[in-house]
Every structure is written in C-alpha cells, then in structure tokens.
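Basis for what follows: all heavy atoms, side chains included, without hydrogens, waters or symmetry-related copies.
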Amino acid sequence: MGFSVSVSHGHGLSSQLSSSSLHAQQLSSSSSKSTLFVGFPFTSYASTLHGKQCRSQPHLVVYSKRVSGLEEALRIRRERELQGTTKFRRRPPLRRGKVSPRLPVPDHIPKPPYLSSNILPEISSEHQIHDAEGIAQMRAACELAARVLDYAGTLVRPSVTTDQIDKAVHEMVIEAGAYPSPLGYGGFPKSVCTSVNECMCHGIPDSRQLQDGDIINIDVTVYLNGYHGDTSKTFLCGDVSGPLQRLVTVTEECMEKGIAVCKDGASLKKIGKRISEHAEKYGYGVVERFVGHGVGTVFHSEPIILHHRNESPGVMVEGQTFTIEPILTLGGIECNTWPDNWTTVTSDGSPAAQFEHTILITRTGAEILTKC
C-alpha cells in the first residue's frame with residue numbers, strides 16, 4: 001500500500017501522505033550513416049522579369065537530419081506499438097458497488113499503532129535500515145505478503161467480487177498470525193486494495209463482480225511480528241485484450257528495471273529514470289502522484305521513491321528496505337479521487353496497471369523480499 005505526493009519538478013519535493021500505492025525524452029541522436037529525408041513543395045508564385053510576367057515552377061525543398069539506425073528502428077517500433085496501444089475497446093466506466101462491514105480481527109493478533117486514530121499518519125522521516133534480526137523479520141513479513149498475493153491472484157475470474165477477494169485475503173493473513181496492514185489505516189475500511197481497470201490505486205473492495213476482460217491490481221500488506229511486508233500485482237481476468245496485456249507486461253518490466261539499478265550508494269533518481277525510459281518506448285504514461293516508500297516497522301517512511309524522471313537527491317544504503325511500485329497508464333496520468341477519499345481513477349478513463357515489490361538494499365544489488 002502506498003501514498004501520494006505533490007511533486008514540484010526539479011529539486012523540490014513537497015510530500016503529502018494520501019493513501020496506498022504506497023507510490024515519473026527522447027533518445028539522443030547519435031552519429032550514423034543513415035539519413036532521414038523530409039520534403040514539401042513550395043507554392044508557386046508570379047514574378048515580373050524585364051516587364052514580362054513569368055510563373056515559377058514548383059520547387060521541392062529537402063531537409064535532412066541524421067539519425068542512427070537504432071534510433072530509426074526504435075521510432076518505427078514505437079509508432080507500431082502506439083497504433084496497437086490506442087486500439088482498445090473502452091470498457092464501461094468503473095462504478096462503486098456496496099461496501100460490506102469491516103471484518104473483525106481476533107484480540108490475540110498484534111496490531112499496528114496507527115489503529116488508535118482514523119487520521120492518516122504522517123510520513124515518517126526515518127530511513128529504515130535493519131540489522132540482521134530486522135532483516136530476518138522483514139523477510140518473514142514479505143514472504144507472507146507474497147504468498148497471500150499469490151493466493152489472491154488465483155481467485156481472479158469473471159463473476160468473483162472484490163469483496164470476496166478481500167475476505168479471502170483477510171482470513172489467510174489472520175490464520176498466519178498477522179494483521180492486514182490496510183485495515184483501519186487512515187480509516188481505510190478493508191484488508192486489501194483492489195484496483196480495477198482505470199483505477200490507479202487504493203480501490204476499496206465491494207460487491208462489483210469482475211468482468212471478462214478486466215485487469216485488477218491487488219495490493220497486499222501484512223503486519224507480522226512488528227514488521228510490514230508490502231507487495232502488489234496486476235492480474236488478468238478472463239480474455240483480456242492485447243493492448244491491456246501489453247500494458248500489464250510493460251508495467252512489470254518497468255518495476256524490474258527500476259529494481260535492477262538498486263544497490264548500496266546508488267542514486268535514488270536512477271529508479272525513475274530507468275522506469276521512464278522503458279515506459280516511453282511504448283508511449284505509456286508514468287503516474288507521478290503516487291510513489292514508493294520506505295517500509296519496515298513503520299508502514300510508510302522516507303525515502304520517497306519517484307517513478308518518473310526527477311532530480312531528487314538521496315542515495316541507497318545497505319540494509320535499507322523500501323518499495324518500488326510504478327503505475328503506468330494507457331492514456332493520461334491525471335487522476336480523480338472518489339468521494340470515499342481513497343479510490344483514485346484516471347481522469348480520461350484510460351486503463352492503469354501497477355506492480356510492487358519490497359526490496360532490501362545490499363552491497364552489490366537488491367534482494368526482492370516479496371517473492372514466493
């Protein structure tokens with residue numbers, strides 16, 4: 001589960017905790033032997049020469065620009081992919097169903113401290129860096145979150161409601177002796193976030209049945225032995241169109257490419273750069289409002305992880321844990337939040353996909369903790 005930030009481009013970053021997502025130019029030209037030609041005809045005009053009127057002939061003026069063979073190949077591929085991307089059948093707008101009562105948690109389950117209030121907690125300024133014991137606890141919490149998410153994905157099929165998924169997740173987490181972190185966080189009424197189609201994140205499970213061709217992000221966070229494990233994945237429901245499948249695939253690839261640059265001493269801004277480079281190849285929008293975050297004994301803390309291009313300072317530190325959770329869209333990146341103050345959808349109704357892992361920074365790279 002993530003949060004949103006208000007980003008001023010450049011070096012400034014004003015962060016405002018909002019909710020879960022618990023979440024931003026072009027290839028440079030290189031020298032080459034190939035040349036791209038672009039031409040257009042001049043309009044003919046009349047002139048007077050030695051008292052005689054004469055009409056000039058149309059002239060073709062040619063401009064040339066050198067581009068590399070690789071750049072031209074990528075340009076052609078992007079054009080073809082964009083043509084395929086835009087040709088998708090727009091689904092009916094998402095409508096809120098009935099939200100069932102909050103599920104109970106047994107008294108013996110340890111609970112996070114934020115349950116004492118319905119007010120959204122402040123983002124902690126603490127960078128969560130763990131010793132050997134803390135890392136072991138993080139591995140346990142994240143492994144449970146991964147298993148729960150994997151199980152939730154098996155429930156995705158037409159006619160199943162997101163409320164049914166929430167109940168199944170709730171029961172599995174409780175049986176493992178853990179607490180479902182989203183439940184009661186800032187007043188969130190459910191144990192998991194389920195974001196369907198144009199919902200970017202923080203969808204509240206309800207009575208709506210999944211439809212054939214939907215995509216759904218399931219965001220699971222568990223609180224086990226005082227540590228949070230946070231992960232999410234976008235699943236396909238039934239027969240999903242090619243453009244939506246491609247969006248889901250590329251979003252997961254973007255997350256993986258962001259993780260690949262992580263290691264002790266690496267700049268945090270490299271994550272957003274690598275994600276944006278890959279998303280741009282396919283013409284997808286990278287949502288800037290929702291970001292990744294530090295996670296551990298505290299649900300949401302520094303560092304804030306921007307998934308788009310940025311110049312924010314900060315480096316990764318060995319032993320540190322945080323989430324990387326990009327959201328990509330098939331259209332614009334602007335969004336609207338429903339009156340429930342959680343469900344956030346794309347303003348233009350275009351589909352969105354998200355993937356998330358909690359990672360541990362090591363001396364030579366990053367260990368993905370939320371893997372089964």
Side-chain angles (χ1 to χ4, degrees), residues 1-7 13 15-24 85 88 91 94 149 182 192-204 214-221 230-236 240 243-259 268 271-293 295 300 304-310 312 322-338 342-359 370:
M1 190 178 188
F3 55 87
S4 71
V5 294
S6 174
V7 179
L13 175 65
S15 55
Q16 298 174 331
L17 185 59
S18 152
S19 43
S20 151
S21 155
L22 281 223
H23 345 18
T85 297
F88 69 94
R91 305 182 66 77
L94 194 63
L149 179 61
V192 69
C193 296
T194 52
S195 303
V196 179
N197 296 337
E198 69 266 32
C199 184
M200 287 182 176
C201 59
H202 306 160
I204 298 175
D214 282 349
I215 58 174
I216 174 175
N217 176 271
I218 301 178
D219 191 336
V220 172
T221 312
D230 191 1
T231 184
S232 84
K233 180 177 180 179
T234 298
F235 297 93
L236 309 179
V240 175
L244 287 186
Q245 289 188 40
R246 186 181 305 114
L247 172 67
V248 171
T249 297
V250 173
T251 304
E252 184 172 22
E253 291 171 352
C254 282
M255 176 192 64
E256 292 169 346
K257 288 183 179 296
I259 293 173
L268 290 168
I271 297 171
K273 180 176 184 294
R274 184 62 62 87
I275 289 171
S276 294
E277 286 174 346
H278 192 61
E280 287 165 3
K281 294 177 184 178
Y282 299 87
Y284 297 143
V286 179
V287 174
E288 299 181 7
R289 177 178 173 183
F290 296 98
V291 300
H293 55 92
V295 63
H300 300 120
I304 291 172
I305 307 300
L306 303 179
H307 303 113
H308 59 284
R309 294 178 187 275
N310 66 90
S312 296
F322 56 77
T323 70
I324 295 179
E325 44 187 308
I327 303 173
L328 270 59
T329 74
L330 213 51
I333 62 173
E334 299 304 316
C335 58
N336 300 317
T337 300
W338 287 4
W342 288 101
T343 308
T344 302
V345 298
T346 57
S347 297
D348 60 6
S350 62
Q354 182 185 26
F355 282 80
E356 173 185 14
H357 271 315
T358 295
I359 65 172
T370 43

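- Atoms CD and CE, from Q354 and M255 in turn, are 10.0 Å apart once rounded to the nearest 0.5 Å.
- Under the 4.0 Å criterion applied to side-chain N and carboxylate O atoms, K257 and E253 are not assigned as salt-bridge partners.
- With E198 contributing its side chain and L94 its backbone, the two residues share a donor-acceptor pair below 3.5 Å.
- Atom CD1 in I359 sits 7.5 Å away from atom CD1 in I305 (nearest 0.5 Å).
- Taken from CG in N197 to CG in L330, the straight-line distance is 11.5 Å, to the nearest 0.5 Å.
- For the pair Y284 and P243, the tightest heavy-atom approach, listed with the atom from each and the gap, is OH-O, 4.2 Å.
- Smallest separation of non-hydrogen atoms from G258 and I271: O-CG1, 3.9 Å.
- Taking each heavy atom of T370 and E356 in turn, the nearest pair found is OG1-O, 4.5 Å.
- Considering only heavy atoms from C-beta on, D348 stays 4.5 Å or farther from E334 through its side chain.
- In the model, S232 has no side-chain atom that pairs as donor or acceptor with a side-chain atom of D219 under 3.5 Å.
- Here the closest heavy-atom approach between residue T251 and residue F355 is recorded as CG2-CD1, 3.8 Å.
- Under the side chain to side chain contact (heavy atoms under 4.5 Å, CB included) rule, S195 has a single partner from I218, N217, I216, which is N217.
- Side-chain contact between T194 and F235 is absent, with no heavy-atom pair separated by less than 4.5 Å.
- Separation of atoms CG (L328) and OG1 (T234) is listed at 10.0 Å; rounding is to 0.5 Å.
- Although no hydrogens or angles enter the test, the distance criterion places no donor-acceptor pair under 3.5 Å between the side chain of T329 and the main chain of A352.
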- Message: Using the rule given for salt bridge (Lys or Arg N to Asp or Glu O under 4.0 Å), can you reason through K281 versus E277, listing the C-alpha separation, both sets of side-chain angles and the distance that settles it, and then say yes or no?
- Response: CA-CA 7 Å; K281 294 177 184 178; E277 286 174 346; over 6 Å; no
- Can you list the steps and then say if V250 with H278 is a side-chain contact (heavy atoms from CB on, under 4.5 Å)? CA-CA 8 Å; V250 173; H278 192 61; 3.9 Å; yes
- Where do H307 and V287 land on the side-chain contact (heavy atoms from CB on, under 4.5 Å) test, with the steps shown first? CA-CA 8 Å; H307 303 113; V287 174; over 6 Å; no
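- Between G331 and S350 the shortest heavy-atom distance is N-OG, 3.3 Å.
- Expressed to the nearest 0.5 Å, how far OG1 of T346 lies from CD1 of I333 amounts to 11.5 Å.
- Looking at heavy atoms from C-beta onward, Y282 lies out of side-chain contact with L247 at the 4.5 angstrom threshold.
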- Task: Report the C-alpha separation of R289 and T337 in whole Å, then their side-chain angles, then the decisive distance to 0.1 Å, and conclude whether the side-chain contact (heavy atoms from CB on, under 4.5 Å) test is met.
- Result: CA-CA 12 Å; R289 177 178 173 183; T337 300; 3.5 Å; yes
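- One finds a salt bridge joining R309 and E280 here, because a Lys/Arg side-chain nitrogen approaches an Asp/Glu carboxylate oxygen to under 4.0 Å.
- Rounding to the nearest 0.5 Å gives a distance of 6.0 Å between CG of L268 and CZ of F322.
- Within the 3.5 Å criterion, the main-chain N or O of V240 finds a donor-acceptor partner in the side chain of Q245.
- Taking all atoms of both residues into account, the shortest heavy-atom contact from I215 to P351 is CD1-CB, 4.4 Å.
- No donor-acceptor distance shorter than 3.5 angstrom exists from the side chain of S347 to the backbone of V345, with no hydrogens or angles considered.
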